[in-house]
Structure formats: structure tokens, C-alpha cells
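All of these numbers come straight from a predicted model, not from anything done at the bench.
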Amino acid sequence: MDVTSLAIIASGVFVGMGASFTGLGGGFLMVPLLLFLGFTAQKAVGTSFVGILVIAVSALIAHGRLANVDYKYGLLLGLGGIIGAQIGARLIEGVPTDMFKKIFAVILIGLAIYLFVKK
């Protein structure tokens, strides 16, 4: 196994802890990592979903064991997410990687400001 693969696994541990702790899904950490490694925006987003899927299933099991899951509302969110995911995947196809990095940064900054000032 090469150094890059080991670094990605180590990053996965960090992302998994962060995603399970915050519920943010991990993409907010994985996508920048993959962009740093030279992935295009489209490939970084698509690849991150493989990791997110594995992390999400593991986190769901852990939170389910702790009785911290409302399955009804989670499934309803997921149903809406199916539609949104199809739209989002098509939208990113027309966005150059440099522009995507700026959009992604603005979203993260906006989320950080919202969480910081929200009571």
C-alpha cells in the first residue's frame, strides 16, 4: 500500500469521527482533501460519496444502537435527497474546478458563520 492510500485511510478515520459527531456527512472534509490531491471537482464530489456511503452506514448503526435516530424523518429527508442528488450531479457537470472551489468555500464559510452566530 502506498503513502497516498495510507494518508487517505487516516483521513477517513478523521472524517468518520467528524461526520458521526456533527452529522455533516464528511464531504465537507473529503472534497477539499481530494481537490488537494488533484482530483477534478466532479471526480472529488463523486468519489467522496463512496466514502460518505460507508461512513453514513456505520454512523447510522452506531447512532441507532444509542436510540438517536428518527427513522421516519430520516427516510423522508432521504426521499427528498434522491431528487436533489440527481439535480446536483447534473449541475456540477458544467462547473469548472476553479469555480467549484470558490463556491464550495463560500458555502463552508456561510455555514460556519451561521453556526457561530446562531443561538
Side-chain angles (χ1 to χ4, degrees):
M1 191 172 294
D2 63 11
V3 175
T4 301
S5 296
L6 290 174
I8 295 220
I9 290 171
S11 297
V13 171
F14 175 70
V15 170
M17 290 183 340
S20 185
F21 183 80
T22 64
L24 291 176
F28 75 105
L29 296 171
M30 276 190 266
V31 170
L33 170 70
L34 293 171
L35 290 170
F36 177 76
L37 292 174
F39 282 59
T40 64
Q42 295 79 5
K43 186 151 285 201
V45 170
T47 302
S48 76
F49 278 115
V50 177
I52 291 167
L53 174 65
V54 174
I55 291 167
V57 169
S58 177
L60 173 60
I61 291 168
H63 283 285
R65 287 181 179 155
L66 297 168
N68 291 330
V69 179
D70 185 319
Y71 289 97
K72 176 185 172 187
Y73 287 111
L75 288 170
L76 291 173
L77 284 168
L79 287 174
I82 289 170
I83 297 166
Q86 297 306 307
I87 294 168
R90 283 163 181 74
L91 288 175
I92 195 172
E93 279 300 306
V95 178
T97 299
D98 287 340
M99 177 61 75
F100 174 80
K101 288 178 182 179
K102 291 176 175 93
I103 293 168
F104 194 76
V106 168
I107 291 169
L108 291 178
I109 290 167
L111 179 61
I113 290 169
Y114 170 78
L115 292 173
F116 188 75
V117 299
K118 182 183 176 208
K119 293 182 180 185

Report summary line: Between Val95 and Phe100 the two heavy atoms that sit nearest each other are CG1-N, 3.7 Å
**Report entry** Side-chain donor or acceptor of Ser11 paired with backbone N/O of Ala7 under 3.5 Å
**Finding:** yes
**Report entry** Shared hydrophobic cluster for Leu108 and Ile103 (ILVMFWY, side-chain gaps under 4.5 Å)
**Finding:** yes
Query - same_hphob_cluster(Leu111, Leu33) at 4.5 Å side-chain heavy-atom cutoff - result: no
Query - Closest approach of Gly27 to Pro32 (non-hydrogen atoms, all atoms of both residues) - result: O-CD, 3.8 Å
Report task. Measure the spacing between OG1 of Thr47 and CZ of Phe39 and express it to the nearest 0.5 Å. Result -> 5.0 Å
Report task. Determine the minimum heavy-atom distance between Leu35 and Ala44, stating which atoms define it. Result -> CD2-CB, 4.0 Å
Query raised in the report: Where the side chain of Gln42 meets the backbone of Gly94, is there a donor-acceptor pair that is under 3.5 Å apart?
Result: no
Report task. Treating Ile, Leu, Val, Met, Phe, Trp and Tyr as nodes and any side-chain heavy-atom pair under 4.5 angstrom as an edge, say whether Val54 and Leu60 lie in one connected cluster. Result -> no
Query - Ser48 side-chain N/O to Val45 backbone N/O, donor-acceptor pair under 3.5 Å - result: yes
Report summary line: For Phe104 and Phe28, the nearest pair of non-hydrogen atoms, with its separation, is CZ-CA, 3.8 Å
Report task. Take atom CG of Leu79 as the centre, draw a 6.0 Å sphere, and report whether it contains more than 12 heavy atoms from other residues, nucleotides or ligands. Result -> yes
Report task. Measure the spacing between CD1 of Ile92 and CD1 of Ile87 and express it to the nearest 0.5 Å. Result -> 14.5 Å
Report summary line: On a heavy-atom basis, the closest approach of Gly64 and Val69 is N-CG2, 3.6 Å
Query raised in the report: Can you get from Leu34 to Ile107 by hopping between Ile, Leu, Val, Met, Phe, Trp and Tyr side chains that sit under 4.5 Å apart?
Result: no
Report task. Taking atom OH of Tyr71 as the centre, report whether more than 12 heavy atoms of other residues, nucleotides or ligands fall under 6.0 Å from it. Result -> yes
Query raised in the report: Are Val106 and Met99 connected in a single hydrophobic cluster, I mean Ile/Leu/Val/Met/Phe/Trp/Tyr linked by side-chain heavy atoms less than 4.5 Å apart?
Result: no
